[in-house]
Amino acid sequence: MTGWTADRIPDQHGRIAVVTGANSGLGLVTATELARHGAHVVLAVRNTDAGEEAARRIGGDVEVRELDLASLGSVRAFAAGLAADHPAIDLLVNNAGVVLLGPRRTSVDGFELQLGTNMLGHFALTGLLLDKLAAAREPRVVSLSSITHKNAHLDFDDLMFERDYRAAAAYGRSKLATTVFGVELDRRLRAAGSPIVSTLAHPGLTHTNLTPRAWEHRGRFGQLIAWVGLLATQSVEQGALPQLRAATEPGLRGGQFFGPSVLWETRGPVTAARLSREAADPAVGKQLWAAAEELTGISYL
C-alpha cells in the first residue's frame, strides 16, 4: 500500500500526547509511533498492569496513568492528576472504545456502557483538559469515529437505549455520538477563537482485540464468528494511520476527517473520509452537546 505512512510524522520532541486505550490495538500503535517520533506519551489505560507492559514494549518517553472512561469519577481523578503534573498538553487522542454485542450493560454512572465509554467519557475528559490544551503551542484533539456511524441514528428520547435494546445498533449510536462530538467540538472551538484544533479519524475494518471481545458472550460460536470477521480486516498498523495523520499532520483545519480509501472506506491508504448527514448536522451537534453536559455535569465552550 502507498500513500501517507507513519514515516511522515514530523518530529514530536517537546510535545505531551495523551492516548486513551493505549495498551492495545489502535491505541498501542498510535502511542508507539508518537513516542518513536519523540513525544512524551501518556498511556491512559483502565488496566495499569497492561499499561506497564505496553510501556515496556513501546520504550521511549512514556508514562502510565489509570483512566476508566466508564466512570466519571475516574475521569475527574485522571484529569486532575495530569493537570497537576503537566502545565500544557499538546495532543489528546480520544482513542479508547468498547464493543459489546451481548446484553445491555451500564456504567457506574448509569449510562449505557458503549455510549458512556466511547462518547460521554471522552466528552468529559476533553472538557476537563481544555485549559491545559489551550496552553499548548499547537494543540489538537482527535476523536475516533467508525464507519458504523454512517448507518446509525441518535434517538434523543431514548439516548441510553433502554427500549428494544440492540447491541450492534447501540455501538453504532455510540460512534455516531463520538463523531458528532468531534465535529461540534470543532464548531465551538472556532466560535470561541480557541487555538485548539479538533480532527477526526476512523480505522475502517481493522484487526484489533475489540472484535473477539465483542463476541465473548457467544462462547465457541462467538469465537468462530470473530475469527471469520477478522479475515476481512486490515492490519492494526494500517488502521491506525488515519488517526496518526489526524494527530500529527501540520496545518490541518479543524473538522478534517480521515479514513481508509478503498472498498467503501473499509481498508487501504489514508484519505479524506465522509461524514454521514446526521453527523454533520449542526442541530444534532447542539442537541447532543446539551445532553452530554447535563449527563456528565461538565460544561464548556
Side-chain angles (χ1 to χ4, degrees), residues 20-21 25-26 68-72 75 94-127 141-187 198 200-206 208 210-211 213-217 229 242-243 257 259 264-266 273-296 298:
T20 66
L26 297 166
D68 182 356
L69 288 158
S71 165
L72 290 176
V75 173
N94 287 327
N95 162 85
V98 294
V99 184
L100 300 169
L101 299 186
R104 184 178 181 275
R105 296 168 59 186
T106 57
S107 71
V108 297
D109 302 294
F111 307 142
E112 190 278 318
L113 191 55
Q114 295 178 105
L115 183 71
T117 303
N118 298 349
M119 184 269 172
L120 291 173
H122 282 126
F123 174 89
L125 178 64
T126 303
V141 177
V142 181
S143 296
L144 188 62
S145 178
S146 165
I147 54 174
T148 62
H149 94 272
K150 296 176 184 289
N151 297 315
H153 169 66
L154 293 177
D155 180 357
F156 287 101
D157 292 326
D158 186 23
L159 200 56
M160 295 303 157
F161 226 134
E162 295 178 285
R163 300 190 300 268
D164 302 320
Y165 180 76
R166 290 172 290 119
Y171 174 71
R173 180 181 292 187
S174 76
K175 296 310 287 187
L176 172 58
T178 301
T179 309
V180 172
F181 164 61
V183 175
E184 181 65 13
L185 178 63
D186 169 58
R187 291 192 191 102
S198 171
L200 303 95
H202 80 81
L205 297 180
T206 293
T208 73
L210 290 183
T211 300
R213 287 179 180 174
W215 290 98
E216 284 178 346
H217 67 291
Q243 65 198 64
F257 182 26
W264 303 282
E265 298 184 14
T266 61
R274 294 180 296 277
L275 293 166
S276 72
R277 181 176 298 179
E278 187 165 339
D281 187 338
V284 174
K286 183 178 181 179
Q287 191 170 4
L288 180 64
W289 196 278
E293 288 186 328
E294 182 177 355
L295 289 164
T296 63
I298 297 172

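Side chains included, hydrogens not; waters and symmetry mates left out as well; all remaining heavy atoms used.
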Q: Look only at the side chain of H122 and the backbone of S143, and say whether a donor-acceptor pair between them is shorter than 3.5 Å.
A: no
Q | Which atom of K175 lies closest to which atom of N118, heavy atoms considered | A | CD-ND2, 4.0 Å
(Q) Just so I know, are the side chains of R274 and E265 near enough to count as touching, which here means a heavy-atom distance under 4.5 Å? (A) yes
Q | Close side-chain approach of L100 and Y171, heavy atoms under 4.5 Å | A | no
Q) Who are the side chain to side chain donor-acceptor pair (under 3.5 Å) partners of T179, not counting sequence neighbours? A) S145
Q. Roughly how far apart are R105 CZ and Y165 OH, rounded to 0.5 Å?
A. 9.0 Å
Q.
So that I can tick it off, tell me whether E278 and K150 are bridged by a salt bridge, with the cut-off set at under 4.0 angstrom between side-chain N and carboxylate O.
A. no
Q: Give the intermediate values and the outcome of side-chain contact (heavy atoms from CB on, under 4.5 Å) for residues L101 and V99.
A: CA-CA 6 Å; L101 299 186; V99 184; 4.2 Å; yes
Q: Say whether, by atom type as modelled, one donor and one acceptor occur between the side chain of S276 and the main chain of A279 under 3.5 angstrom.
A: yes
Q) Which atoms form the tightest heavy-atom contact between A70 and T117, and what is the distance? A) CB-OG1, 3.6 Å
Q | Passing option when V141 is tested against D186, L200, L185 for side chain to side chain contact (heavy atoms under 4.5 Å, CB included) | A | L185
Q: For the residue pair L295 and L159, establish whether any side-chain heavy-atom pair is separated by less than 4.5 Å.
A: yes
Q) Hey, does M119 have a side-chain heavy atom less than 4.5 Å from the side chain of L288? A) yes
Q | Pi-cation contact, F161 with R104 (under 6.0 Å, within 45°) | A | no
Q: Name all residues meeting the side chain to side chain donor-acceptor pair (under 3.5 Å) criterion together with S198; count only those two or more places apart in sequence or in a different chain, and write none if there are none.
A: none
Q: Indicate yes or no for a side-chain donor-acceptor contact from T20 to the backbone of N95 under 3.5 Å, with no hydrogens or angles considered.
A: yes
Q) So V284 and V180, side-chain contact (heavy atoms from CB on, under 4.5 Å) or not? Walk me through it. A) CA-CA 8 Å; V284 174; V180 172; 4.2 Å; yes
Q | Check: F123 and E293 side chains under 4.5 Å, non-hydrogen atoms | A | yes
Q: Return the minimal non-hydrogen interatomic distance between A292 and T296, and the atom names on each side.
A: O-OG1, 2.7 Å
Q: For residues L144 and N94, determine if any side-chain heavy atom of one lies less than 4.5 Å from a side-chain heavy atom of the other.
A: no
Q: Nearest 0.5 Å please: distance from the CG atom of L115 over to the OG atom of S174.
A: 6.5 Å
Q. From L72 CG over to L69 CG, what is the distance, rounded to the nearest 0.5 angstrom?
A. 9.5 Å
Q | Considering all heavy atoms, the nearest A280-L275 contact | A | CB-CD1, 4.2 Å
Q: State, yes or no, whether a side-chain contact exists between Q243 and L26 at a heavy-atom distance under 4.5 Å.
A: yes
**Q.** I147 and L205, any side-chain heavy atoms less than 4.5 Å apart
**A.** yes
Q. Does a donor on one side chain sit under 3.5 Å from an acceptor on the other, for D109 and S71?
A. no
Q: Identify the two heavy atoms, one from A273 and one from G259, that lie closest to each other, and give their separation to 0.1 Å.
A: CB-N, 3.7 Å
Q | Salt bridge flag under 4.0 Å for residues R163 and D155 | A | yes
(Q) Nearest 0.5 Å, please: how far is CD in E162 from CG in D157? (A) 12.0 Å
